2 protein chains.
Amino acid sequence: MSTSRVDRPLGRGRGIPEATVARLPLYHRSLMGFADRGVATVSSEELAAAAGVNSAKLRKDLSHLGSYGTRGVGYDVDYLVYQVARELGLTQDWPVVIVGVGNLGHALANYGGFTSRGFRIAALVDSDPARTGELVNGLAVQSLGRLEEIIDEADVSIAVVATPASAAQEVCDRLVAAGVTSILNFAPVPLQVPSGVDVRKVDLASELQILAFHELRKQMSSLAALPQLAAHPARPGHPAHPALAPRSEATG
Amino acid sequence: MSTSRVDRPLGRGRGIPEATVARLPLYHRSLMGFADRGVATVSSEELAAAAGVNSAKLRKDLSHLGSYGTRGVGYDVDYLVYQVARELGLTQDWPVVIVGVGNLGHALANYGGFTSRGFRIAALVDSDPARTGELVNGLAVQSLGRLEEIIDEADVSIAVVATPASAAQEVCDRLVAAGVTSILNFAPVPLQVPSGVDVRKVDLASELQILAFHELRKQMSSLAALPQLAAHPARPGHPAHPALAPRSEATG
DNA sequence: AAGTGTGAATTGATTCACAGCC
DNA sequence: GGCTGTGAATCAATTCACACTT
């Protein structure tokens, strides 16, 4: 979710819905798979299956880019790969700075998926002097003090924040001040940014919690199937409740 | 996004919208922050600001859980923490298995955010015999062969897939067959699961690509501001395309 | 006076279903 | 005959605005 937005309509028939944008990388990846296997043409049905969406959605999504298919035939794989890649800005090479070289930063620096898809790690930066100079995936970790210099020299506009929560906002402020306008945030805090800067967050703990929410319902509903039902098990260790309990339902 | 869904309405006023569920962890975290700082009561405005959403949305979200606030006053922090935690299933301890102990699996195993929030890493599993026995965050990596045993013994229902793309579906099938019903997938492939199993995916490369998409528009629109404008870069009606980036499907 | 809770309005995303083209 | 592209219909999420409570 972009915390801050870019530009609203951006005019000329080119207003691609955010939900569609979020799926383009998926389509691109699936298309590359077909291309690697030498497939020349795919139908919306086939491509949709590979990407894990339904075909109506896929067709609607692609229709926002233009009419790149052939009725009765399908899509030319190479042509569509190119169009999607162009739309995503993958035809150019984006230098990315990763700030925070802890466990996660390490993993990201070593992650092949980034570098193989139009992104190049321009620098790794960490505040811990003990870490500067350390080689990670062939790149030396640099001091946080050099952040602005690095961004300027490498003309970086996309950064990854993989610092602890406590440092994230300050790092973010410096990134933005230095000219970064897109941030991928792994720190579990909502970053405040001025308008014109995009932030996307990856919140690992939240993802598990969302799964746990559904898991709980599944387990409750399978228990509810037993005759012995819905016992409200007295909650031990209540936090001190204020006055509550009144189901203040009703009204309208 | 749940690839497969659980149960639709689940009856009695308890059908919490998916978008709301996805924000509950955020609220929970923000509330914990207030609690830690000794704040007793928060308004929707304050809590919303801390969570990075607007207050109308927050109030609507909370209204799906029940009427836990006090008009004219706000929300009791401890009470609301408890209610949100209960809704999320955080009052219990969820054993989690991580499959794939590469860079990412390592990072996840060491990531404090999981263990500190109701999740316990029950086991680390990897297919590489060279890695079994290795200690990661105090836990010995186990052989993939033991997967079913582990899941059964520890009564695991939530698993994390951090394998290369090529292994993900097979691992997923085994997880599901062994009784896992919630999967957090880091591999860049859409997992096929039977209905009743939830999958959420974290797609690192896609996140960067989505940022790049918006970044490209920003850069184009700032160029468009120059007198020399909107050069329509001759769109040939035919597949005149460079085959793009060679490699694909990198691993984690 | 302050601030929640919620109907109503709006905006956005998905799905349907079929006309049009190959 | 097969399959895309897209209006229309549906469904979901967000925002508005205010009645109601303390």
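All values below come from the heavy atoms of this structure, side chains included, with hydrogens, waters and symmetry mates left out. Letters A, B, ... are given to chains in the order of the sequence lines, protein chains preceding strands, and every chain is numbered from 1. Note that this is a predicted model, so its numbers are computed, not measured.
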Checklist line | Closest to the A19(B) side chain, choosing from dG5(C), dT14(C), dA13(D) | finding: dA13(D)
Notebook entry, point to check: Which residue pairs satisfy the salt bridge (charged side-chain N to carboxylate O under 4.0 Å, His left out) criterion with at least one member in residues 37-49 of chain B, sequence neighbours excluded?
Noted result: none
Item checked: With R71(A) via side chain to side chain donor-acceptor pair (under 3.5 Å) - residues at least two apart -> none
Notebook entry, point to check: Within less than 4.0 Å of OP1 or OP2 of dT14(D), is there a side-chain N or O belonging to N54(B)?
Noted result: no
Item checked: With F114(B) via ring pair (Phe, Tyr, Trp, His ring centres under 6.0 Å) - residues at least two apart -> Y111(B)
Checklist line | Nucleotide nearest S67(A) when distance is taken to its side chain, options dT14(C), dT4(D), dG5(D) | finding: dG5(D)
Item checked: Nearest-Å distance for atom pair CD1/P, residues I16(A) and dG12(C) -> 15 Å
Note to self: It should be established whether K60(A) places a side-chain nitrogen or oxygen under 4.0 Å from OP1 or OP2 of nucleotide dT14(C).
What the structure shows: no
Notebook entry, point to check: Between L65(B) (CG) and dT4(C) (C1'), how many Å, whole number?
Noted result: 14 Å
Kindly give the atom pairs (protein nitrogen or oxygen, nucleotide nitrogen or oxygen) under 3.5 Å for nucleotides 18-22 of chain C.
{"residue": "dG20(C)", "atom": "N3", "partner": "R71(A)", "partner atom": "NH1", "Å": "3.4"}
{"residue": "dC22(C)", "atom": "O4'", "partner": "R71(A)", "partner atom": "O", "Å": "3.0"}

Check: With N185(B), which residues qualify under side chain to side chain donor-acceptor pair (under 3.5 Å), at least two apart?
Finding: none
Note to self: Using the side-chain heavy atoms of E18(B), tell me which of these nucleotides is nearest: dA13(C), dA13(D), dT4(D).
What the structure shows: dA13(D)
Item checked: Counterpart residues, side chain to side chain donor-acceptor pair (under 3.5 Å), relative to S30(B) (two or more places apart) -> none
